Amino acid sequence: MASVAVIGSQWGDEGKGKIVDWLSSRADVVVRFQGGHNAGHTLVIDGKTYKLHLLPSGIVRKNKFSIIGNGVVVDPWALLKEIKAIRDQGVDVTPDNLMIAENATLILPVHSVLDEAMEKARGNDPIGTTKRGIGPAYEDKVARRGIRICDLREPDVLKEKIGNMMLHHNALLKGLGMDTVSADEIYSALMKVRDEILPYAGVVWRVLDKMRREGKKILFEGAQGMMLDVDHGTYPFVTSSNMHAAQAATGSGMGPDAVGYILGITKAYTTRVGSGPFPTELEDDVGKYLGEKGHEFGTTTGRKRRCGWFDAVLVRQSVTISGIKGIALTKLDVLDGLKELKICVGYELDGKKIDYLPASQAAQEKVVPVYETMEGWSESTKGARSWKDLPAAAVKYVRHIEELIGAPVTLLSTSPERDDTILMHDPFAG
Ligand code: IMP
């Protein structure tokens, strides 16, 4: 099967944008299958920077088809804003190169109001969400009161559905001592944008089935990372969707065999944005160094990312749970110049050694990392395009990571530039 799913193996921000762009030049269609505009994928092409949140990365390339699948939550205003911004950079976005699943759920302004209200209600223990309304929109979807793209075609049904949905939300907002939101206002606002959105709406599962039969190369573009997966991540400090590769099938309308190769994007160290456990976090000068050198600020919210040593236990867990076949290792060059490097190879919990991250929130906060120390390198690895350009200590570090996580490095990225990539195996070859 000529299809590849790209998923994050840590807490997101692993550098998926560049890898997805690199792979999309070989694909026919790029599909987003979960998340929403909480994601931020930065692409640098010929020195020009594109920042995408909701649009699939294939959009910036000519002759590629982009799909937003049913597993994505779509904020129509954010989408139109992003389409405009990308058009202003000279990129064509039309129904000829973009389709949105008609059964995708909408994010409405009330969802971001609720997202913010719920974060406030959590007091000193917020999740640190992006406040884009992602969680409340998925809640509505699962509670069967969500508004979907196809509802925009039927104004009467749309009005009734919004009324039902707002009965629920206004009761909640009142309970939180907040102003209620008018159902009529939401309806009018949606009616204003529906003519701009509906031309993109389509039956994605049929289009993908046809493409698959024609042998087209499909690239599934995951957002966030496995440790933010609502089932397998550091719950409740997670986002509200599944990053698991199986979601590529569910979130686009294909069978479980839709994905041929699962590529896990993995940073050569660890970062996390927002709250929640982070066993290898460094609150010292090394952490600061990684943050500054790695430009670790969120693409979506601009927040400073927390930084720490590479956690092989977590990545091995992601590899196992999600069936990752190989990894794309990114940002190795950020480690250039460090005298020694640490890799977490296990944890200690209440005096006992364990080799996985337990599900309990209390345990996740308590685990103490067990480290192996490796020699660093002083040479630059930035822009290296073959293994022989890398210092011996860097090669040793990469090889040790492969051993510890149980998956090979398929691709090594050595700078944000597209061509600064060492390829060991073409993921589209299966
Ligand atoms: P939400 O997705 O806005 O509900 O945020 C839930 C958690 O996921 C927060 O800790 C966010 O910082 C994190 N998060 C959401 N999207 C991303 C992303 O694209 N990269 C990294 N972290 C993210």
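Worth saying up front: this structure is predicted, and the values here are computed from it rather than measured. Counting starts at 1 for both ligands and their atoms, following the listed order. Position 1 is the first residue of the sequence; numbering continues from there.
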For [X], state whether at least one heavy atom is located under 4.0 Å from any atom of ligand 1.
| X | result |
| --- | --- |
| W11 | yes |
| Q224 | yes |
| A39 | yes |

Quick check against the 3.5 Å criterion: does [X] have a side-chain atom that pairs as donor or acceptor with the backbone of [Y]?
| X | Y | value |
| --- | --- | --- |
| D284 | G287 | yes |
| Y397 | A268 | yes |
| T414 | D420 | yes |
| T266 | S9 | no |

What is the closest protein heavy atom to [atom], and at what distance does it sit?
| atom | answer |
| --- | --- |
| atom 2 (O) of ligand 1 | T239 OG1, 2.6 Å |
| atom 10 (O) of ligand 1 | V273 O, 3.3 Å |
| atom 3 (O) of ligand 1 | T130 OG1, 2.6 Å |
| atom 11 (C) of ligand 1 | G128 O, 3.5 Å |
| atom 5 (O) of ligand 1 | T129 CA, 3.3 Å |

Note to self: So, taking the atom named CD in Q10 and the one named OG in S318, what distance separates them when rounded to the nearest 0.5 Å?
What the structure shows: 7.5 Å
Note to self: Nearest 0.5 Å, please: how far is CG in D333 from NZ in K293?
What the structure shows: 6.5 Å
Note to self: Testing the 3.5 Å rule here: is there a donor-acceptor pair between the side chains of Y356 and T320?
What the structure shows: no
Notebook entry, point to check: Just one of E365, Q364, R272 clears the side-chain hydrogen bond (donor to acceptor under 3.5 Å, both in side chains) bar with T234, so which one?
Noted result: R272
Check: Which is closest to atom 14 (N) of ligand 1 in terms of heavy atoms, L228, N38, D13?
Finding: L228
Next item on the list: Between V238 and ligand 1, find which residue part has any heavy-atom pair under 4.0 Å and reply side chain, backbone, both or neither.
Entry: backbone
Notebook entry, point to check: At under 4.0 Å between heavy atoms, which part of R303 makes contact with ligand 1: side chain, backbone, both or neither?
Noted result: side chain
